[in-house]
Amino acid sequence: MQNIFWTGYSPRQRHLAINEMQQTIARHGDLVDFQSFSDLSITVKIEIEERKVDLLYRELAQQMGMADFPGLSSQATRERVIFLNVSFAAGQGNLKTEIPEVPG
């Protein structure tokens, strides 16, 4: 079974876009892994039933710009893996995560 690769573009603030994306994915499948690249982009790994892939794509396309995907038009229940890379237009490339000092 071949993996599916999608590309998305979000003009929204990164935290809001990620939260909305997580909620959408959770309705249809499972977000099993992610990798952030500063505040520029995120790649997520999604496991989902094949019959739900087209619906997930349509819902994500309502939230952000998505590269074309011809669709699967499948009713199969076998698991598929989707890798979704989302770029954030407002990213600066210099994300700094403040870690508080812990006494000890």
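In this chain, numbering begins with 1 at the start of the sequence shown.
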Student: Taking C-beta and beyond as the side chain, do Ile46 and Leu56 meet within less than 4.5 Å on heavy atoms?
Tutor: yes
Student: Do Arg80 and Lys52 have side chains that get closer than 4.5 Å, going by heavy atoms?
Tutor: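 Heavy-atom side-chain distance check fails, nothing below 4.5 Å.
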Student: Tell me who clusters with Val81, hydrophobic residues only, linked when side chains sit under 4.5 Å apart either directly or through other members.
Tutor: Phe5, Phe83
Student: In terms of side-chain heavy atoms, does Asn85 have a donor or acceptor partner in Thr43 at a distance below 3.5 Å?
Tutor: yes
Student: Output all residues satisfying side chain to side chain donor-acceptor pair (under 3.5 Å) with Asp54, sequence neighbours left out; order by chain, then residue number.
Tutor: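 Side chain to side chain donor-acceptor pair (under 3.5 Å) check on Asp54 returns nothing, list empty.
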Student: List for me each residue that meets salt bridge (charged side-chain N to carboxylate O under 4.0 Å, His left out) alongside Arg58, sequence neighbours excluded, and say none if there are none.
Tutor: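 Per chain and number, Arg58 pairs via salt bridge (charged side-chain N to carboxylate O under 4.0 Å, His left out) with no residue.
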Student: My understanding is that only residues two or more places apart in sequence, or in another chain, count here; which of them pass side chain to side chain contact (heavy atoms under 4.5 Å, CB included) with Glu59?
Tutor: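 Result, side chain to side chain contact (heavy atoms under 4.5 Å, CB included) vs Glu59: Thr24, Arg27, His28, Leu55.
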Student: Between Ala89 and Pro11, which heavy-atom pair has the shortest distance, and what is it?
Tutor: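 Shortest heavy-atom separation between Ala89 and Pro11 comes out as CB-CA, 4.0 Å.
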Student: Identify each donor-acceptor pair in which a side-chain atom of residues 69-76 lies under 3.5 Å from a protein atom, sequence neighbours left out, and give them as a table.
Tutor:
unit_1: Ser74; atom_1: OG; unit_2: Glu50; atom_2: OE2; d: 2.5
unit_1: Ser74; atom_1: OG; unit_2: Ala76; atom_2: N; d: 3.0

Student: How would you list, by chain and number, every residue that makes a side chain to side chain donor-acceptor pair (under 3.5 Å) with Ser87, sequence neighbours excluded?
Tutor: none
Student: Calculate, to the nearest 0.5 Å, the distance between atoms CD and CE belonging to Glu20 and Met64 respectively.
Tutor: 7.5 Å
Student: In the structure I gave you, are the side-chain heavy atoms of Ile42 and Met21 within less than 4.5 Å of one another anywhere?
Tutor: yes
Student: By side chain to side chain contact (heavy atoms under 4.5 Å, CB included), which residues pair with Glu79, not counting sequence neighbours?
Tutor: Glu47, Glu49
Student: Can you list everything that forms a side chain to side chain contact (heavy atoms under 4.5 Å, CB included) with Asp30? Sequence neighbours excluded, please.
Tutor: Val32
Student: Sequence neighbours left out, what pairs pass salt bridge (charged side-chain N to carboxylate O under 4.0 Å, His left out) with at least one residue falling in residues 64-73?
Tutor: none
Student: Between Met66 and Tyr57, is there a side-chain heavy-atom distance shorter than 4.5 Å?
Tutor: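 SC-SC contact between Tyr57 and Met66 confirmed.
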Student: Please go through Tyr9's hydrophobic cluster and name the other residues, only I, L, V, M, F, W, Y counting, with side-chain heavy atoms under 4.5 Å joining them.
Tutor: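 Tyr9 shares its hydrophobic cluster with no other residue.
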